[in-house]
2 protein chains.
Amino acid sequence: MDDPAADIMGATFRALCDHGYAELTMRDIAEESDRSKAALHYHYDDKEGLLIAFLDHMYDRFTDRVGGYGVEGDAELSEDVDATDPDERLRAFISAVLHPPNDGEAREFRTAMLEIKAQAPYQDAFQKRIARFDDFVTETVTELVEAGQSAGTYHEEIDPDHVAQFVLVVLDGAGARHVVAEVPVDCAVASLEDYLDGHLVDANAGRAEPESKASEQLTDGGETTGASDE
Amino acid sequence: MDDPAADIMGATFRALCDHGYAELTMRDIAEESDRSKAALHYHYDDKEGLLIAFLDHMYDRFTDRVGGYGVEGDAELSEDVDATDPDERLRAFISAVLHPPNDGEAREFRTAMLEIKAQAPYQDAFQKRIARFDDFVTETVTELVEAGQSAGTYHEEIDPDHVAQFVLVVLDGAGARHVVAEVPVDCAVASLEDYLDGHLVDANAGRAEPESKASEQLTDGGETTGASDE
DNA sequence: CCCTTTTGACTGACCGGTTGGTCAGGTTGT
DNA sequence: ACAACCTGACCAACCGGTCAGTCAAAAGGG
């Protein structure tokens, strides 16, 4: 409460969820933080500077939340995740990226982030910050796929970077469709796992079932509408 | 030139490419159409009405362009497309959706469309028009998959609607990543075809090669940056 | 065939409301 | 005293939309 900067970041988050990016005004953020407009300009030069600081703030929160799933991350992830298996870590990472903790304002925040992403071509500073999110996901997926190859779980001839690019496409697509068409994000995850099963998992390896569980389709999932930061 | 409505639609398209949706003003459209602001309000009640008419206009153009690939479409598609094979028609349809004719303003227009899509939660009229695009793609893909199953090319146990949903996710994701990260859309298409090969194509059928050409990866495609209407 | 009226298309000037940002000054803790 | 923090009032710029009036072509009537 008594840290102005952190307080303003929280107010920006709430204002962004309530009004979206396009209709976000400095007055909205000011009211949400119980401060005056001028107080915001005391801490940040202008609106653009405030939003950039907000994106940096969200990047820190994002990496803190899902950083543990990478190859260098700490093993203590969750109950039913085998920390030694890169395949399980990859799937857990994808699920974590797609399902942030605050389920309530999930779609609202995702909508605001999509609006900001759409501003990337006009705002060079925005593009750079968004690229940091993407690079983090890309690197994590790439490393996990490489680890899976070293462990013998994944095919050797697959290009890990190519897989990471596709995962990013599906992640962005799932988020976009959640915003635009109110489709739950899990629908895409099921098909993405089909893709992983069919093109990454080495059938000759130990515990992977190649074709049976793959086509286990949930036509309209449990409406676990999580909002990803990315 | 002498049809005011069509002329304004064209001007709206150009203004949208130049300024994006967020910074699109009535003056921009007026200048692009060599008319006054008031002239626009003569033809359309307000800005929202003009944009809605524009979306309807784009829907007509879109269905005219890619409608021929559906099961009911006319067979004359292109040179090297076997009109009798639903699998080839599906892949041609996906490629057509992703690659509109006007390559020059490709990313600019796609950016504006992404901005508009992000407004769907706030503008109910926008959401309805965008849903028309999505429904058209969904139905086309569903019908083509069903046709492929009837022809014996595709597995029978696959849910066509589930496949269509995933195709839509990848299509939206590819478009979004083209806008945000300047990634060429073809990168995603290659992986999507891998998915189709692995989970739709019945290996027991005739001409489909199951595992060899599948992993033919283009790490950074020929930069054929097309802008889809959808 | 000419004159009048109507109508569709359009313009320039203008208005109310909103937004990002500034500024002079005030309060509080150290 | 001094710095960090904050406020209320204010301003220029801009945007969507309105309004009175212009103009040419079509319509209509004698």
Side-chain angles (χ1 to χ4, degrees), chain A residues 1-57 111-112 115-116 118-120 122-126 129, chain B residues 1-57 111-112 115-116 118-120 122-126 129:
Chain A
M1 291 272 192
D2 55 347
D3 180 8
D7 201 30
I8 292 175
M9 292 294 98
T12 304
F13 179 87
R14 291 189 299 274
L16 219 35
C17 290
D18 287 353
H19 306 277
Y21 170 77
E23 302 247 320
L24 180 72
T25 69
M26 293 296 264
R27 183 178 292 112
D28 294 330
I29 304 176
E31 286 179 4
E32 198 74 46
S33 69
D34 289 316
R35 257 173 272 256
S36 70
K37 264 197 317 168
L40 303 180
H41 281 102
Y42 172 79
H43 290 279
Y44 304 95
D45 285 345
D46 49 17
K47 192 185 181 186
E48 184 189 336
L50 194 156
L51 268 310
I52 288 172
F54 176 75
L55 287 180
D56 288 336
H57 174 72
T111 302
E115 292 181 79
I116 292 176
Q119 295 300 312
Y122 313 111
Q123 286 275 354
D124 195 61
F126 283 3
R129 314 294 152 145
Chain B
M1 293 271 191
D2 53 347
D3 181 8
D7 201 29
I8 292 175
M9 292 294 97
T12 304
F13 179 88
R14 291 190 298 274
L16 219 35
C17 289
D18 286 353
H19 305 276
Y21 170 77
E23 301 247 320
L24 180 73
T25 70
M26 292 297 265
R27 182 178 293 114
D28 294 330
I29 304 176
E31 285 179 5
E32 198 73 46
S33 68
D34 288 316
R35 257 173 274 256
S36 70
K37 261 196 319 167
L40 304 179
H41 286 287
Y42 173 79
H43 290 281
Y44 304 94
D45 285 347
D46 49 16
K47 191 185 181 185
E48 183 188 336
L50 194 156
L51 267 311
I52 288 172
F54 176 74
L55 287 180
D56 288 335
H57 175 72
T111 302
E115 291 181 80
I116 292 176
Q119 294 301 310
Y122 314 110
Q123 287 275 354
D124 195 62
F126 283 3
R129 316 293 152 146

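Just the heavy atoms: all of them, side chains too, but no hydrogens, waters or symmetry mates, feed the values below. Lettering of chains follows the sequences in order, A, B, ..., and the numbering in each one begins at 1.
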Peer 1: More 5' along DNA chain C: Ile8(B) or Lys37(B), using each one's nearest nucleotide?
Peer 2: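 Comparing both residues, the 5'-ward one is Ile8(B).
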Peer 1: Does Asp18(A) reach the main-chain N or O of Ala15(A) with its side chain, forming a donor-acceptor pair under 3.5 Å?
Peer 2: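 Between the backbone of Ala15(A) and the side chain of Asp18(A) there is no qualifying donor-acceptor contact (under 3.5 Å).
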Peer 1: When you measure from the side chain of Ala38(A), which nucleotide among dG12(C), dC23(C), dC10(C) comes out closest?
Peer 2: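 My answer, after comparing the listed nucleotides, is dC23(C).
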Peer 1: What is the distance, to the nearest angstrom, from the OH atom on Tyr44(B) to the P atom on dT18(D)?
Peer 2: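 The answer, rounded to whole Å, is 17 Å.
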Peer 1: Any residue in residues 9-21 of chain A with a heavy atom nearer than 4.0 angstrom to DNA chain C? Just list them by number, or reply none.
Peer 2: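 Those residues whose heavy atoms fall under 4.0 Å from DNA chain C, taken from residues 9-21 of chain A, amount to none.
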Peer 1: Grab the two heavy atoms, one from Glu48(A) and one from Ala125(A), that are nearest each other, plus how far apart they are.
Peer 2: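 Where Glu48(A) meets Ala125(A) most closely, the heavy atoms are OE2-CB, 4.2 Å.
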Peer 1: For the residue pair Tyr122(A) and Glu115(B), establish whether any side-chain heavy-atom pair is separated by less than 4.5 Å.
Peer 2: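 Answer yes - side chains close enough.
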Peer 1: Of the candidate nucleotides dG20(C), dG17(D), dC5(D), which contains the atom at the shortest distance from the side chain of Pro4(A)?
Peer 2: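 Of all the options, the side chain of Pro4(A) is nearest to dC5(D).
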Peer 1: Base, sugar-phosphate or nothing for Leu24(A)? Non-hydrogen atoms, less than 4.0 Å.
Peer 2: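 Sugar-phosphate only.
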Peer 1: For Ala53(A) and Tyr44(A), which heavy atoms make the closest approach, and how far apart are they?
Peer 2: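 Scanning both residues completely, I find the closest heavy atoms to be CB-CE2, 3.6 Å.
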Peer 1: When all nucleic acid strands are considered with a 4.0 Å heavy-atom cut-off, which category describes Thr25(A): base, sugar-phosphate, or nothing?
Peer 2: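 Sugar-phosphate contact only - Thr25(A) comes under 4.0 Å of backbone atoms but never of a base.
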Peer 1: Check whether any side-chain N or O of His41(A) sits under 4.0 Å from OP1 or OP2 of dC23(C), and answer yes or no.
Peer 2: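 It does not, given that no N or O in the side chain of His41(A) lies less than 4.0 Å from OP1 or OP2 of dC23(C).
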Peer 1: Please report, rounded to the nearest Å, how far the C1' atom of dT19(C) is from the CG atom of Leu40(A).
Peer 2: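 Spelled out: CG on Leu40(A) to C1' on dT19(C) is 14 Å.
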Peer 1: Can you check the Leu50(A) CG to dT19(C) P distance for me, whole Å?
Peer 2: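 Distance, rounded to whole Å: 16 Å.
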Peer 1: Taking all non-hydrogen atoms of both residues, which atom of Ile116(B) and which atom of Tyr21(B) are closest, and how far apart?
Peer 2: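 What the structure gives for the nearest pair is CG1-CD1, 3.7 Å.
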Peer 1: Does the plane of the ring in Phe13(A) sit parallel, tilted or perpendicular to the ring in Phe54(A)? Use 30° and 60° as the thresholds.
Peer 2: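 Tilted.
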Peer 1: Grab the two heavy atoms, one from Leu50(A) and one from Met9(A), that are nearest each other, plus how far apart they are.
Peer 2: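 The answer is O-CE, 4.2 Å.
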Peer 1: Can you tell me the distance, in whole Å, between the CZ atom of Arg35(A) and the P atom of dT28(C)?
Peer 2: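 From Arg35(A) CZ to dT28(C) P: 16 Å.
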Peer 1: Could you state the atom-to-atom distance from CZ of Arg27(A) to C1' of dG8(D) in whole Å?
Peer 2: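 Whole-Å distance recorded here is 13 Å.
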Peer 1: Under 4.0 Å between a side-chain N/O of Tyr42(B) and OP1 or OP2 of dC10(C), yes or no?
Peer 2: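 It does not, given that no N or O in the side chain of Tyr42(B) lies less than 4.0 Å from OP1 or OP2 of dC10(C).
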Peer 1: Just the rounded figure in Å: distance from P of dC10(C) to CG of Asp3(B).
Peer 2: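 Value for this atom pair: 10 Å.
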Peer 1: What is the distance, rounded to the nearest whole Å, between atom CD of Glu31(A) and atom C1' of dT18(C)?
Peer 2: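 Computing the Glu31(A):CD to dT18(C):C1' distance gives 14 Å.
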Peer 1: Could you give the CE-to-C1' distance, from Met26(B) to dG17(C), as a whole number of Å?
Peer 2: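 These atoms are roughly 17 Å apart.
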